There are 4 protein chains.
Amino acid sequence: MAGVNKVILLGNLGADPEVKHLEGDKVVANLRLATTEAYKDRAGNRVENTEWHDLELWDGQAKIAEQYLKKGMQLYVEGKIKSDSWQDEQGNNRKRIKIRVLSFTMLGGKPEGSSPSGNTGNYNTPSSGPSPSVAEATVEDDDLPF
Amino acid sequence: MAGVNKVILLGNLGADPEVKHLEGDKVVANLRLATTEAYKDRAGNRVENTEWHDLELWDGQAKIAEQYLKKGMQLYVEGKIKSDSWQDEQGNNRKRIKIRVLSFTMLGGKPEGSSPSGNTGNYNTPSSGPSPSVAEATVEDDDLPF
Amino acid sequence: MAGVNKVILLGNLGADPEVKHLEGDKVVANLRLATTEAYKDRAGNRVENTEWHDLELWDGQAKIAEQYLKKGMQLYVEGKIKSDSWQDEQGNNRKRIKIRVLSFTMLGGKPEGSSPSGNTGNYNTPSSGPSPSVAEATVEDDDLPF
Amino acid sequence: MAGVNKVILLGNLGADPEVKHLEGDKVVANLRLATTEAYKDRAGNRVENTEWHDLELWDGQAKIAEQYLKKGMQLYVEGKIKSDSWQDEQGNNRKRIKIRVLSFTMLGGKPEGSSPSGNTGNYNTPSSGPSPSVAEATVEDDDLPF
DNA sequence: TTTT
DNA sequence: TTTT
């Protein structure tokens with residue numbers, strides 16, 4: 001029976017993308033995305049809970065990620081859960097879950113009013129952030145705007 | 001920054017729920033849900049890909065799961081990704097991901113290939129399926145219909 | 001700024017699809033889908049609330065809808081909100097909203113145990129429901145399995 | 001049968017909230033949210049398509065909206081489709097659809113092209129934007145942080 | 001107008 | 001390891 005396997009995330013990148021160029025023109029990008037949830041506990045104290053997600057993007061999306069995504073940026077992502085299985089060095093069966101990204105939208109990064117100064121290597125250097133022509137587009141799977 | 005961490009699944013249960021009654025009236029149910037995706041490969045052959053998800057439900061939801069959910073049933077689920085971290089016997093840091101269920105809806109059905117007659121122990125024995133009063137309701141988190 | 005406009009529905013068809021074959025091989029199907037919500041009011045009485053949605057499918061999807069979808073069937077749908085504007089006979093500006101379907105999954109129809117007898121023209125005549133080859137596939141936009 | 005009726009939107013507010021304080025402490029806020037989609041047409045030209053959504057929030061959410069939401073802000077919204085029916089002045093049956101908001105998250109920002117300085121009356125006057133205690137929280141239905 |  |  002056909003099913004549904006859908007993930008929707010909105011959070012911030014913990015690091016710049018890690019991109020690998022494979023043989024046959026394949027490209028894969030891995031991202032770490034943090035989603036933070038805030039609530040009050042029984043004592044009324046504000047508690048924050050952060051979940052880290054491993055995202056995987058391929059080909060056209062991976063290239064866009066490589067070019068535009070930077071540590072700290074806020075991202076909206078749609079994808080699906082995918083598990084990888086392998087054996088570790090001790091021969092144990094291991095399983096890991098990744099989010100295979102199907103589309104994403106860049107929402108910008110640190111809010112306006114924050115000081116961009118001193119952020120060498122930041123996503124909004126050298127000048128003013130992602131180029132509008134990309135920042136305004138939702139990036140679909142296998143979309144190749146180049 | 002507030003984020004979004006949302007999972008939507010529609011699939012079939014691979015087994016009856018595993019339910020644990022903990023101290024202090026806490027109840028937890030664990031479910032295995034399969035979501036199947038079908039597509040054609042480059043050669044035009046139909047390929048099926050099944051992903052298995054570990055679901056976790058608590059308290060009121062866990063009790064409903066214990067009473068009504070059975071292997072083979074079709075389920076619509078909303079929840080969020082939650083990771084557990086621990087050390088295994090060899091002292092390795094291990095991480096595992098579960099779907100914390102926030103609401104679910106029973107859709108009936110059983111997986112294809114099962115025998116529609118003579119389903120001893122099936123979810124719709126002894127007579128005619130889940131009681132309407134529950135089968136018709138979406139089960140929200142911390143909902144306690146008893 | 002790129003945005004998100006996403007609708008997820010799970011409900012039952014109120015009627016067979018209405019299909020129009022337009023010039024240039026274009027096909028459009030219109031569906032009425034009911035989503036029902038049940039809750040208890042303050043007095044503890046069970047209340048049902050049904051919302052009716054106008055769905056629009058095009059081309060390949062429309063043809064699948066024409067062939068397989070029938071009144072009463074249960075459907076999972078993803079799409080987006082689209083508004084149409086026009087002037088009515090009195091010259092008033094009118095606006096109407098439709099759900100443009102991007103993918104759908106057939107979940108079957110009336111639950112097992114219901115009597116299919118006497119349902120002439122029903123979705124599960126003459127024998128045993130939608131053909132597996134289609135019932136098992138999620139139908140994506142512009143997907144043409146014929 | 002229990003169903004699903006879910007809407008996910010990410011867009012910008014076209015105006016400040018319209019808030020009405022009703023008898024019995026009820027409060028309702030109406031918002032206009034634009035979601036913009038960009039794509040290339042057959043000729044390769046970039047086309048933008050904006051859809052406007054009518055959002056409705058009640059009580060605690062409406063008060064938060066009144067206090068913090070301003071024209072131009074970027075918002076992530078989850079809700080459901082709700083239709084209102086009435087008769088217009090000519091006695092025609094009319095129907096209108098709103099999005100009943102169940103939770104929302106403020107993402108900051110304002111639409112491109114707006115002037116970042118001299119924003120009198122803007123959402124980040126008089127000083128520095130939404131108070132962190134609210135801006136960081138997702139606002140759930142019937143949540144009353146006051 | 002669906003479904004339970 | 002992000003963000004506020």
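By convention in this document, chain letters (A, B, ...) are assigned in the order of the sequence lines, proteins followed by strands, and residues within each chain are numbered from 1. All figures in this text were calculated on a predicted structure; none of them were measured in a lab. Values below: every heavy atom of this structure, side chains too, minus hydrogens, waters and symmetry copies.
To the nearest angstrom, C1' of F/dT2 lies 13 Å from CE of A/M73. Distance, A/L75 CG to F/dT2 C1': 12 Å, rounded to whole Å. E/dT3 atom P lies 14 Å from atom NZ of C/K70, rounded to whole Å. Put simply, CG on C/L33 is 13 Å from P on E/dT2, counting in whole angstrom units. Taking atom OH of B/Y76 as the reference point, atom P of E/dT3 lies 21 Å away to the nearest angstrom. A/L13 places its CG atom 10 Å from the P atom of F/dT3, with the value rounded to the nearest Å. Here E/dT3 presents its C1' atom at 18 Å from CE of C/M106, a figure rounded to the nearest Å. Computed from coordinates, the C/F104 CZ to E/dT2 P distance equals 21 Å when rounded to whole Å.
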Under the side chain to side chain contact (heavy atoms under 4.5 Å, CB included) criterion, do D/L10 and A/T105 qualify, and how do the steps go? CA-CA 10 Å; D/L10 198 163; A/T105 298; 5.8 Å; no
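Ion pairing between a basic and an acidic side chain is recognised when a charged N comes within 4.0 Å of a carboxylate O; C/E48 and C/R46 show such pairing.
The base of E/dT3 does not come close enough to the side chain of C/T50 for any donor and acceptor atom to sit less than 3.5 Å apart.
Taking the salt bridge (Lys or Arg N to Asp or Glu O under 4.0 Å) definition, one finds that A/D54 meets it with A/R32, A/R96, sequence neighbours left out. Residues satisfying the salt bridge (Lys or Arg N to Asp or Glu O under 4.0 Å) test with C/E78, not counting sequence neighbours, are A/K6, C/K6.
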